[in-house]
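Below, all heavy atoms of this structure are taken into account, side chains as well, without hydrogens, waters or symmetry copies. It should be emphasised that the depicted structure is a prediction, and the values quoted were computed from it without experimental measurement.
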Amino acid sequence: MAMTLSVLALSGCVVKDSTDDDAGNAAQTTTAAPAPTAGTAQAPATPAPAAQPAQPAVPASNLRLEVNVAERELYVYRGDERVSTHKVAVGTSEWPTRTGEWTIGQVVWNPRWIPPTEQSWAEDREPKEPGDPDNPLGRAQLVYDAPRSIHGTNQPASLGKAASHGSIRIANSDAIALARLVMEEGGAGKDDAWYERVQANRRERMDIAIPNPIPIRVVSGSGGGESGGSSGSEKEKDKSGA
């Protein structure tokens, strides 16, 4: 036996017992990747995409609108507090303003008027472009149940009366103020320069979607029903077509 060990030592071989550490080291040994050969094109590393900043959530508004057909008034509320009142024109007994609850999801600045083809009263009417003084939709339009809307008017004398074909008319100055308010509260606000530009260029139509639509409720009110007790003379005064 001694002679055998001597022979192994002389030949340069060392015998060592295996241990758990050796097994662990062996398991951790990795094979190095071969070096690229000369002339081989290397694909450039693709940078990781930059993290996109999170878009801030638009807080829900407590703004809401209510139209009382009998009173011919529009009320603006914040929560339970009424903050403003506006005189409006509503539909006649023949073309009443529909009652119900909706949301305002679209604001149109300088709207174009297209006569409704399914309505007999509009058979002989021609479309009116934005800025046309005969455009019955006025300066701004708040759409809640297309084609039903609150809109400005070229017939301010009709306000406070039952004179429309079912839509809700409001003074142009009030329509502009409400359009901006709904945009701001509904998450589609613009800077002052934008509002100034769209009001100055009356022939340019601007259609704005409202991300957080604003609730609107139209009620019949009391003492007048849908038409609010309109008279025939009020109906005859209507020349606007909306």
Side-chain angles (χ1 to χ4, degrees), residues 63-78 82-92 95-98 102 104 106-113 128-145 147-186 190 192 194-208 210 214-219 221 224 227-231 233-242:
L63 187 78
R64 61 186 176 89
L65 276 59
E66 181 172 306
V67 175
N68 187 304
V69 174
E71 299 296 331
R72 298 157 193 174
E73 289 185 333
L74 182 152
Y75 309 120
V76 179
Y77 289 91
R78 286 191 182 277
R82 185 189 296 181
V83 295
S84 64
T85 300
H86 306 273
K87 189 174 293 296
V88 298
V90 296
T92 64
W95 295 291
T97 296
R98 179 178 294 184
W102 299 273
I104 299 170
Q106 180 185 33
V107 168
V108 183
W109 294 85
N110 305 318
R112 181 175 189 261
W113 183 68
K128 301 299 179 182
E129 298 301 321
D132 190 320
D134 292 329
N135 186 325
L137 299 182
R139 303 293 303 277
Q141 181 182 26
L142 288 70
V143 182
Y144 60 85
D145 184 34
R148 295 176 183 85
S149 66
I150 301 167
H151 61 79
T153 180
N154 63 343
Q155 295 288 317
S158 68
L159 299 178
K161 302 174 182 178
S164 78
H165 291 95
S167 64
I168 299 166
R169 301 179 190 168
I170 196 168
N172 278 318
S173 58
D174 291 340
I176 289 171
L178 283 179
R180 179 167 182 170
L181 179 63
V182 166
M183 285 177 57
E184 298 288 339
E185 295 287 331
K190 307 290 185 181
D192 290 341
W194 188 93
Y195 292 110
E196 292 171 2
R197 186 168 62 252
V198 77
Q199 291 179 59
N201 189 358
R202 296 182 58 180
R203 296 190 178 278
E204 181 182 6
R205 180 181 184 272
M206 296 295 292
D207 188 341
I208 306 298
I210 307 302
I214 301 300
I216 178 173
R217 180 171 177 246
V218 182
V219 300
S227 67
S230 63
S231 67
S233 60
E234 287 177 348
K235 180 179 173 182
E236 290 301 320
K237 291 178 183 178
D238 173 48
K239 303 295 184 183
S240 72

Quick one: do the Asn68 and Glu71 side chains pair a donor with an acceptor below 3.5 Å? no
Pairwise side-chain contact, Trp194 with Met183, heavy-atom cut-off 4.5 Å (strictly under): yes
Nearest 0.5 Å please: distance from the CD atom of Glu184 over to the NZ atom of Lys190. 10.0 Å
Under 3.5 Å donor-acceptor, Thr85 side chain and Tyr75 backbone: no
Which value, rounded to the nearest 0.5 Å, describes the distance between Arg78 atom CZ and Ser84 atom OG? 9.5 Å
Minimum heavy-atom separation for Gln155 to Ser158, with atom names? O-OG, 2.7 Å
Which of these passes side-chain contact (heavy atoms from CB on, under 4.5 Å) with Tyr144: Val67, Leu65, Ile214, Ile216? Ile216
Whether Asp207 side chain and Val108 backbone form a donor-acceptor pair below 3.5 Å: no
Kindly indicate whether the side chain of Ile168, heavy atoms from C-beta on, has any atom under 4.5 Å from the side chain of Val218. yes
For Asn110, the option from Gln141, Arg202, Gln199 that meets side-chain contact (heavy atoms from CB on, under 4.5 Å): Arg202
In Å, rounded to the nearest 0.5 Å, how long is the span from CH2 of Trp109 to CZ of Arg139? 8.5 Å
Donor-acceptor pair, distance only, cut-off 3.5 Å: does the side chain of Thr97 make one with the backbone of Gly166? yes
Contacts table for residues 174-181: side-chain donor-acceptor under 3.5 angstrom, sequence neighbours left out:
residue, atom, partner, partner atom, Å
Asp174, OD2, His86, ND1, 3.4
Arg180, NH2, Asp192, OD1, 2.5

Distance in Å, Lys128 NZ paired with Arg112 CZ, rounded so as to fall on 0.5 Å steps: 11.0 Å
Kindly give the heavy-atom pair with the smallest separation between Pro111 and Gly138, and that separation in Å. CD-O, 3.5 Å
Asn154 side chain near Asn135 side chain, heavy-atom distance below 4.5 Å: no
Once rounded to the nearest 0.5 Å, what's the spacing between atom NZ of Lys87 and atom CD1 of Ile170? 11.0 Å
Applying side chain to side chain contact (heavy atoms under 4.5 Å, CB included) to Val88 and Arg169, what does each step give before you reach the verdict? CA-CA 5 Å; Val88 298; Arg169 301 179 190 168; 5.9 Å; no
Atom pair CG (Asn201) and CD (Glu196), whose distance is rounded to the nearest 0.5 Å: 13.5 Å
